[in-house]
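Working notes, structure below.
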There are 2 protein chains.
Amino acid sequence: MLSKKTKYAFHALTYLGKHRDQKTVLIQDISEEYGISHKFLENILLELKKAGILGSKKGKGGGYYLIKDPKDVPLSKVIRLLDGPIALLPCVSLNYYEPCVECKDEVKCGLNKVMIQVRDEMLNVLENKTLADILDKE
Amino acid sequence: MLSKKTKYAFHALTYLGKHRDQKTVLIQDISEEYGISHKFLENILLELKKAGILGSKKGKGGGYYLIKDPKDVPLSKVIRLLDGPIALLPCVSLNYYEPCVECKDEVKCGLNKVMIQVRDEMLNVLENKTLADILDKE
DNA sequence: TATAAAACCTATAAAAAAGATAGGGTAATT
DNA sequence: AATTACCCTATCTTTTTTATAGGTTTTATA
């Protein structure tokens, strides 16, 4: 399951996507819309900004706005950013690889082989579905 | 990512699958092979037994053994048993459904719609890959 | 230029979940 | 009868997640 952080990130991105006509959106608008703590959401939006998905403007009249085209924001990117690895095991993660301590030889591990296949099929979905798909269905 | 519990379950099932020629396998054999705490593994094997995947025999000469054909043990079954939902959001889980508290109307939620698609594609993989696939690669 | 509004930053606390351990009870086999 | 190993429950520890707190910087505008 996704963490709340990631789920909230998707909600926020959806909200920002739906309000691309206006220059900026306040954290508070989003936090009220979904009943998310202002401060908690703040951290999430900051991460999305650092990742280059959102832009922001400080001061009065400021707020956040989407700088990427929704079709260029794959689900995989948001999940990796807030939740970490998409792979089901550390030993098959592309971005967060770690060997399994209990595994003597990864090359001979059948679980490893199968999980690589699972990872690739999951990635195929999560890299091709984007924020645009979410917005299309709203 | 899968929990250690689920990963250990897959290891144990693999071990049992590889030793189907012998009547029973001791918990200790598995825990030593993978360096898993005996007691921790005990709980895992118990759950697998309750789920009808393993059988056991008490007393001297006892132990665990696989009662299902490996090709009839899909990854999804093991994951659901030890880790819970496969879906990325509670509101799209088939086996562990819960509404999202922040969601006013699930029917109008684009995130919900997309995550249903993601779930179906993930399930397609996890229900078709089985213990047999792991054993084949060992 | 003062003020208010808003994002930005860092640290920490609280809660929940995962991981691990303990100790015994019960049943079956030799 | 003793041994062996499954079975069960409870508790403790650690890690992760979730949430909060308090201050700093930037910007618009009156």
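Chain identifiers are assigned alphabetically (A, B, ...) following the order of the sequence lines, protein sequences preceding nucleic acid strands; residue numbering begins at 1 within each chain. Since this is a predicted model, take the numbers as computed values, not measurements.
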When you check the gap from the basic side-chain N to the acidic O, do A:Glu33 and B:Lys104 get nearer than 4.0 Å?
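Yes, this pair counts.
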Note: B:Glu138-B:Lys18 ion pair, threshold 4.0 Å (strictly below)
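Yes, B:Glu138 and B:Lys18 are salt-bridged.
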Would you indicate what B:Leu45 reaches in the nucleic acid, counting non-hydrogen atoms under 4.0 angstrom: base, sugar-phosphate, or nothing?
nothing
Just to be sure I understand the rule, does B:Lys7 reach a base, reach only the sugar-phosphate, or reach nothing, if contact means heavy atoms closer than 4.0 Å?
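Result for B:Lys7 = nothing.
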Length of the line joining [X]:[atom1] and [N]:[atom2], which is rounded to integer Å:
X	N	atom1	atom2	answer
B:Leu41	D:dC6	CG	C1'	13 Å
A:Ile27	C:dA5	CD1	C1'	12 Å
B:Glu47	D:dC7	CD	P	13 Å
A:Leu82	D:dA19	CG	C1'	15 Å
B:Lys50	D:dC6	NZ	C1'	12 Å
B:His38	C:dG24	NE2	C1'	14 Å
B:Asp29	D:dT4	CG	C1'	14 Å
A:Lys23	D:dT27	NZ	C1'	14 Å

Compare the minimum distances between each of [options] and the side chain of [X], then state the nucleotide with the smallest one.
X	options	result
B:Lys60	D:dC7, D:dA28, C:dT29	C:dT29
A:Asn43	C:dA7, D:dT20, C:dC9	D:dT20
A:Lys49	D:dT4, D:dA28, C:dC8	C:dC8
A:Tyr8	D:dA19, D:dC8, C:dC8	D:dA19
B:Lys5	D:dA28, C:dG19, C:dA7	C:dG19

5′-ward residue of the pair B:Gly63/A:Phe40 relative to DNA chain D:
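Per heavy-atom nearest nucleotide, the more 5' residue is B:Gly63.
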Position toward the 5' end of DNA chain D (nearest nucleotide), A:Lys4 or A:Gly61:
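Result: A:Lys4.
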OP1 or OP2 of [N] less than 4.0 angstrom from a side-chain nitrogen or oxygen of [X], does that happen here?
X	N	result
B:Tyr65	D:dA5	no
B:Ser3	C:dA17	no
B:Ser37	C:dT21	yes

Checking side-chain contact (heavy atoms from CB on, under 4.5 Å) against B:Arg119, which of B:Leu88, B:Leu94, B:Ile86 comes through?
B:Leu94
Evaluate the side-chain proximity of A:Leu131 to A:Leu66: yes if any heavy-atom separation is below 4.5 Å, no if none is.
yes
At less than 3.5 Å, do the side-chain atoms of A:Glu42 and the base atoms of C:dC8 form a donor-acceptor pair?
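Side chain to base: pair present.
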Quiz item: B:Lys39 side-chain donor-acceptor pair to C:dG23 base, under 3.5 Å
yes
Can you confirm whether the side chains of A:Asp120 and A:Asn124 place a donor and an acceptor under 3.5 Å from each other?
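There is no such pair (donor and acceptor under 3.5 Å, judged by atom type) between the side chains of A:Asp120 and A:Asn124.
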Between the main-chain N or O of A:Gly62 and the side-chain N or O of A:Thr24, is there a donor-acceptor pair closer than 3.5 Å?
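It does hold such a pair.
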Scan every strand shown for a Watson-Crick or G-U wobble partner of C:dT21, both distances under 3.5 Å, and answer none if you come up empty.
D:dA10
